[in-house]
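Here the structure comes first, spelled out in structure tokens, and everything after it is commentary.
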Amino acid sequence: MFGAMSAPKGTNLTWHVGEVDKDARAAAHGHRGAVLWFTGLSGSGKSTIGHRVERMLVDRGAFAYVLDGDNIRHGLNSDLGFSPEDREENIRRIGEVSRLFADAGALVVSAFISPYRTDRDRIRGLMGEGEFVEVFVDTPLEICEARDPKGLYKKARAGEISNFTGLDAPYEAPQNPEVHLLTAGLSVDEAAAQVVRYLEEQNILGDS
Ligand code: ADP
């Protein structure tokens, strides 16, 4: 069952308990559900490494799925911008969606900058023990800026984007991530393999 829930505005709501529980879902999928929460600066490699993790997991028969920043902002969160309030709501909704996917039995790769520690910890608090795997994609700002895969740092430096994480908006690094990827010394494959190894060590992958 879910942990702490935010209070709904609606009344006369009841939580319907289904016939299929977590263990039954895990047995059907061959592994448990979990949220792999990738956090790091823009251009740090969350999306690239996250997709490689998804590839590796699906190749071994797992039910894995990437929730990626820009895709969600095009759909579910198209009404939100980059103010602190909107960033918080962005991450809150993504956390709820991640939780639903994990409850459905998926290994959810959530790849979002998610710069605020309290926002990430709130999502951790929604999940059961061992179901939230924080993956810190730790790439120095200088390297992210040199890569600049989407040209965003250039725009931010030119004053075309404000509230840009790492420049004029803060990034609060995880203090105790389950997986700490120092990407400067790793290939994408090596970084992804480090995440998969953690899941194996924690027996999250089961037989898959
Ligand atoms: P984010 O999702 O964190 O904004 P992206 O994955 O979109 O970052 O961009 C990271 C860029 O860095 C990609 O162009 C990727 O090919 C490149 N890159 C170079 N080396 C690495 C590495 N070791 N790990 C991850 N990405 C790397």
Side-chain angles (χ1 to χ4, degrees), residues 35-57 64-98 101 107-124 132-175 177-195:
V35 173
L36 316 181
W37 190 273
F38 283 57
T39 174
L41 296 172
S42 177
S44 59
K46 301 179 296 297
S47 182
T48 306
I49 298 167
H51 278 96
R52 190 63 54 84
V53 168
E54 181 193 40
R55 173 85 265 160
M56 287 177 174
L57 292 173
Y65 187 71
V66 176
L67 292 175
D68 195 330
D70 288 356
N71 300 355
I72 295 276
R73 278 190 175 275
H74 277 121
L76 179 68
N77 291 352
S78 57
D79 57 324
L80 301 176
F82 289 87
S83 68
E85 301 75 39
D86 280 6
R87 281 176 188 253
E88 184 182 338
E89 176 61 10
N90 181 48
I91 294 304
R92 190 194 69 79
R93 289 185 201 169
I94 291 161
E96 294 288 346
V97 172
S98 300
F101 267 85
L107 293 162
V108 191
V109 174
S110 303
F112 302 90
I113 298 173
S114 46
Y116 301 118
R117 203 171 287 137
T118 49
D119 293 347
R120 299 191 302 264
D121 286 347
R122 198 172 300 131
I123 299 163
R124 180 187 289 277
F132 185 83
V133 177
E134 191 170 29
V135 179
F136 179 21
V137 185
D138 188 359
T139 308
L141 177 64
E142 305 72 51
I143 295 182
C144 295
E145 188 162 1
R147 286 179 185 162
D148 208 3
K150 299 171 205 153
L152 296 176
Y153 285 94
K154 196 156 173 265
K155 281 190 184 166
R157 290 286 186 199
E160 291 166 36
I161 306 175
S162 53
N163 293 326
F164 197 80
T165 302
L167 300 184
D168 56 350
Y171 178 75
E172 299 173 358
Q175 288 164 325
E178 277 73 13
V179 183
H180 190 164
L181 300 177
L182 292 158
T183 71
L186 296 172
S187 68
V188 175
D189 269 339
E190 285 167 341
Q194 207 169 307
V195 178

For the OH atom on Tyr171, are there more than 12 heavy atoms of other groups (residues, nucleotides or ligands in this structure) within a distance under 6.0 Å?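 It does: Tyr171 OH has more than 12 such atoms within range.
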Crowded around Arg93 CZ? As in, over 12 foreign heavy atoms under 6.0 Å?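 Yes, CZ of Arg93 has more than 12 neighbouring heavy atoms, counting only those of other groups under 6.0 Å.
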How far apart are the closest heavy atoms of [X] and [Y], and which atoms are they?
X      : Y      : value
Val66  : Gly50  : CG2-O, 3.9 Å
Leu41  : Gly166 : CD2-CA, 4.1 Å
Asp68  : Ser47  : OD2-OG, 2.8 Å
Pro174 : Thr39  : CG-CG2, 3.7 Å
Val137 : Ser44  : CG1-O, 3.3 Å
Leu186 : Glu190 : CA-OE1, 3.4 Å

Phe112-Phe38 aromatic ring centre distance below 6.0 Å: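 Between Phe112 and Phe38, the centre distance exceeds or equals 6.0 Å.
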Can you check whether [Y]'s main-chain N or O pairs, donor with acceptor, with [X]'s side chain at less than 3.5 Å?
X      : Y      : result
Glu172 : Tyr116 : no
Arg87  : Phe82  : yes
Asp168 : Phe164 : yes
Arg147 : Gly43  : yes
Lys46  : Gly40  : yes
Arg73  : Leu80  : yes
Asp119 : Ile91  : no
Arg117 : Ala173 : yes
Ser78  : Gly75  : yes
Asn90  : Ile94  : no

Taking the side chain as every heavy atom from C-beta outward, state whether [X] and [Y] have any atom pair closer than 4.5 Å.
X      : Y      : result
Arg122 : Glu88  : yes
Tyr153 : Leu141 : yes
Val133 : Val195 : no
Glu145 : Arg157 : yes
Ile123 : Ser98  : no
Ser42  : Thr165 : no

Out of curiosity, [X] [atom1] to [Y] [atom2], how far, rounded to the nearest 0.5 Å?
X      : Y      : atom1 : atom2 : value
Asp86  : Asp79  : CG    : CG    : 7.5 Å
Gln194 : Asp189 : CD    : CG    : 12.5 Å
Ser110 : Leu36  : OG    : CG    : 7.5 Å
Met56  : Leu107 : CE    : CG    : 14.5 Å

With distance as the sole criterion, is a donor-acceptor pair present between the side chains of Ser114 and Trp37 under 3.5 Å?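 Yes, a side-chain donor-acceptor pair sits under 3.5 Å.
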Among residues two or more places apart or on two chains, list those pairs meeting side-chain hydrogen bond (donor to acceptor under 3.5 Å, both in side chains) that have a residue in residues 132-143.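 side-chain hydrogen bond (donor to acceptor under 3.5 Å, both in side chains) check on residues 132-143 returns Arg120-Glu134, Arg124-Glu134, Asp138-His180, Thr139-Thr183.
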Does Val135 form a side chain to side chain contact (heavy atoms under 4.5 Å, CB included) with Val53? I'd like the steps, not just the answer. CA-CA 12 Å; Val135 179; Val53 168; over 6 Å; no
